[in-house]
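Numbers restart at 1 for each chain; the letters A, B, ... are given by sequence-line order, proteins then strands. Fair warning: this is a prediction, and the values are worked out from it, not measured in the lab.
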2 protein chains.
Amino acid sequence: MTHSEENYLKAIFHLSRQGTGTISTNAIAEQMDTKPSSVTDMLKRLSDKDLVNYKRYQGVSLTETGRYSALAIIRKHRLWEVFLVEKLDFTWDEVHEIAEQLEHINSEKLIDRLDALLGHPKFDPHGDPIPGKNGEFKERDKELLSKMPVGGKGVCVGVKDSSATFLKFLDKNQIALGQEIEVLDKEEFDNSMHIRIGEEQLLVSHQIASNLYLKPSEES
Amino acid sequence: MTHSEENYLKAIFHLSRQGTGTISTNAIAEQMDTKPSSVTDMLKRLSDKDLVNYKRYQGVSLTETGRYSALAIIRKHRLWEVFLVEKLDFTWDEVHEIAEQLEHINSEKLIDRLDALLGHPKFDPHGDPIPGKNGEFKERDKELLSKMPVGGKGVCVGVKDSSATFLKFLDKNQIALGQEIEVLDKEEFDNSMHIRIGEEQLLVSHQIASNLYLKPSEES
DNA sequence: ACAAATTTTTAGAATCGCCTAAAAATAATC
DNA sequence: GATTATTTTTAGGCGATTCTAAAAATTTGT
Ligand SMILES: [Mn+2]
Ligand SMILES: [Mn+2]
Ligand SMILES: [Mn+2]
Ligand SMILES: [Mn+2]
């Protein structure tokens, strides 16, 4: 498989996991910052290789092999991200671009050994789950901060948007995975939220709140 | 720069370091297992980018930038080889192919951090020197086993042929970097050599002897 | 120095991945 | 249900990289 094919599979996989049903050509084009006609070309190629189910005008979905391949690439991407943070002291906002390259390195043995070196991590630096060798993975129990009620508490376990700008903003405000966060109040006007992060207080916009995942604490 | 361009630069660099003067189209084609016409095409492209000095029918050589780029790739290749052996327990016969992929990963920060993680190694698992950040590197003081006199002693510091078959042969006969080797006798008939490796004795063909580098011991 | 052998380049074509512009199919609107 | 609007595909083309076959330049051998 070529790098490009792998990138398409990954994009289709990610689009599948939000918004049900079949994936549109335009959605893929937007996700990959390319033109719809290029997507159509590639879908034909992927279909020829039985990596996607594609009939023209009918949208596309991954076949079993396609899904398996996508998961293998995502596994590599996330393991490399862990490696970069844990072993090479990169910050979580720096790793994605490098992992975009490293995810295409082709060696089963390499990735298994890397997995072992890192202690078989279950989540990457952004809180996303790392699929196992056989493609199995479970999403963590989590909820968007924006959906938490006033008075709700939880531990930060992931980000939805993992762009560098968002991650740097979080760093600046001491928000990191593992931090406890409590919803103190919610502004009706714009849905911004007053939250407590450890000892600090902060007012965050709805957009921010809807990109932060918490593991809600048990409410006894 | 594309992967292909990088591979050509590397090939030209390696050819330059053995056999003086300018490099022929055919030599590159053979080294890269491709056709001479493809080489000509690429030489034009590399020439347009000022990475090589090329005039048709006149052979080719690297420009200053071309040489610098080649050394950067070789630096990456060899650092990754060290990483694979030191951190992921690969054997020296397994690392080259994976490094052929990893050498194209593009991130200065990554390679600097990797270099630091490994303790700034000076040589790769095959005894080849690792160029520094600025392309500086010095070949180690070494001599082919085949050129050593009877009675000569030395420590194995590198291999010329680093193919998996040769490396596995060496493993099988307990020959590794750091091993002391002594030339006990030489057969006039085929130039094969009786050598001592640690406690063991072995008869090696001329071909083997001419692919093993020793650092000769001081003869006081 | 001339003919033959070898090396190197050109010409032309294929594949991959992308693009633009136009056509076709589908979805939305009145 | 006919007309728009949108989505998707096709047609045709471009750059990169490779190939085969043929032509051109260089080298070798007598
Ligand atoms: Mn990422
Ligand atoms: Mn991630
Ligand atoms: Mn190597
Ligand atoms: Mn090596």
Side-chain angles (χ1 to χ4, degrees), chain A residues 1-13 15-16 18-62 66 69-70 73 100-101 103-106, chain B residues 1-13 15-16 18-62 66 69-70 73 100-101 103-106:
Chain A
M1 234 185 325
T2 69
H3 288 198
S4 195
E5 287 171 335
E6 293 188 341
N7 288 334
Y8 274 93
L9 287 185
K10 206 171 38 132
I12 296 167
F13 179 88
L15 289 167
S16 304
Q18 37 167 97
T20 175
T22 163
I23 307 305
S24 80
T25 302
N26 270 8
I28 298 169
E30 191 177 339
Q31 170 99 358
M32 302 205 39
D33 197 34
T34 183
K35 301 293 169 185
S37 54
S38 305
V39 175
T40 302
D41 274 1
M42 181 57 85
L43 291 182
K44 284 178 192 163
R45 273 194 290 274
L46 293 175
S47 183
D48 287 347
K49 296 190 178 183
D50 275 312
L51 292 164
V52 301
N53 307 115
Y54 169 68
K55 287 202 195 84
R56 67 204 198 304
Y57 296 105
Q58 303 303 139
V60 72
S61 65
L62 294 174
S69 304
I73 299 155
E100 286 288 307
Q101 297 181 62
E103 72 188 1
H104 300 293
I105 301 292
N106 199 338
Chain B
M1 233 187 327
T2 68
H3 287 197
S4 194
E5 287 173 335
E6 293 188 342
N7 287 334
Y8 274 92
L9 287 185
K10 205 171 39 133
I12 296 168
F13 179 89
L15 289 166
S16 304
Q18 37 165 102
T20 176
T22 163
I23 308 304
S24 80
T25 300
N26 269 8
I28 298 169
E30 193 177 338
Q31 171 98 1
M32 303 203 39
D33 197 32
T34 183
K35 301 292 170 187
S37 53
S38 306
V39 174
T40 302
D41 276 0
M42 181 56 87
L43 292 183
K44 283 178 193 162
R45 274 194 291 274
L46 294 174
S47 183
D48 287 346
K49 296 191 179 183
D50 274 313
L51 292 164
V52 300
N53 307 115
Y54 169 67
K55 286 203 197 85
R56 67 205 199 302
Y57 294 106
Q58 301 305 136
V60 71
S61 65
L62 294 174
S69 305
I73 300 156
E100 286 287 307
Q101 297 182 62
E103 71 188 0
H104 300 292
I105 301 292
N106 200 338

Applying a 4.0 Å non-hydrogen cut-off, can you work out what S37(A) is touching in the nucleic acid: base, sugar-phosphate, or nothing?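 Answer is base: heavy atoms of S37(A) come under 4.0 Å of a base.
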Under 4.0 Å, counting only non-hydrogen atoms across every strand here, what does T25(A) touch: a base, just sugar-phosphate, or nothing?
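Sugar-phosphate: the residue T25(A), judged by heavy atoms under 4.0 Å, touches backbone atoms but no base.
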Nucleotide [N], atom [atom2] - distance to [atom1] of [X] in whole Å:
X      : N       : atom1 : atom2 : result
E30(B) : dT6(C)  : CD    : P     : 15 Å
I28(A) : dG17(C) : CD1   : P     : 15 Å
M42(A) : dT15(C) : CE    : C1'   : 12 Å
K35(B) : dT15(C) : NZ    : P     : 18 Å
N26(A) : dA27(C) : CG    : C1'   : 13 Å
H3(A)  : dC16(C) : NE2   : C1'   : 14 Å

side-chain contact (heavy atoms from CB on, under 4.5 Å) assessment of Y54(A) paired with L46(A) = CA-CA 9 Å; Y54(A) 169 68; L46(A) 293 175; over 6 Å; no
>> Please check: side-chain N/O of T40(A) versus main-chain N/O of P36(A), any donor-acceptor pairing under 3.5 Å?
In response: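 Yes; at least one donor-acceptor contact below 3.5 Å.
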Discussion item. Whether the side chain of S16(A) engages the backbone of I12(A) through a donor-acceptor N/O pair (distance < 3.5 Å, no angle test) should be reported.
Written reply: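 Yes.
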Under 4.0 angstrom between [X] side-chain N/O and [N] OP1 or OP2:
X      : N       : answer
Y57(B) : dT6(C)  : no
S38(A) : dC19(C) : yes
S4(A)  : dC18(C) : yes

Minimal non-hydrogen separation, S47(B) against V52(B), with atom names
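Taking every non-hydrogen atom into account, N-CG2, 3.6 Å.
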Practice item. Tell whether D41(A) reaches the base of dC18(C) with its side chain through a donor-acceptor pair below 3.5 angstrom. Key: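 Indeed, a donor on one side and an acceptor on the other fall under 3.5 Å apart.
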task: Output yes when K10(B) and E5(B) qualify as a salt bridge under the 4.0 Å nitrogen-oxygen rule, no when they do not.
output: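 Looking at E5(B) together with K10(B), the answer is no, because their closest N to O distance does not fall below 4.0 Å.
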### Message
Side chains of V60(A) and N53(A), heavy atoms from C-beta outward: is any pair under 4.5 Å?
### Response
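SC-SC contact between V60(A) and N53(A) ruled out.
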Applying side-chain contact (heavy atoms from CB on, under 4.5 Å) to S69(A) and M1(A), what does each step give before you reach the verdict?
CA-CA 10 Å; S69(A) 304; M1(A) 234 185 325; 4.0 Å; yes
Heavy-atom contact window of chain B on DNA chain D, given 5' to 3' at under 4.0 Å: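 The footprint of chain B covers dT17(D) to dT26(D).
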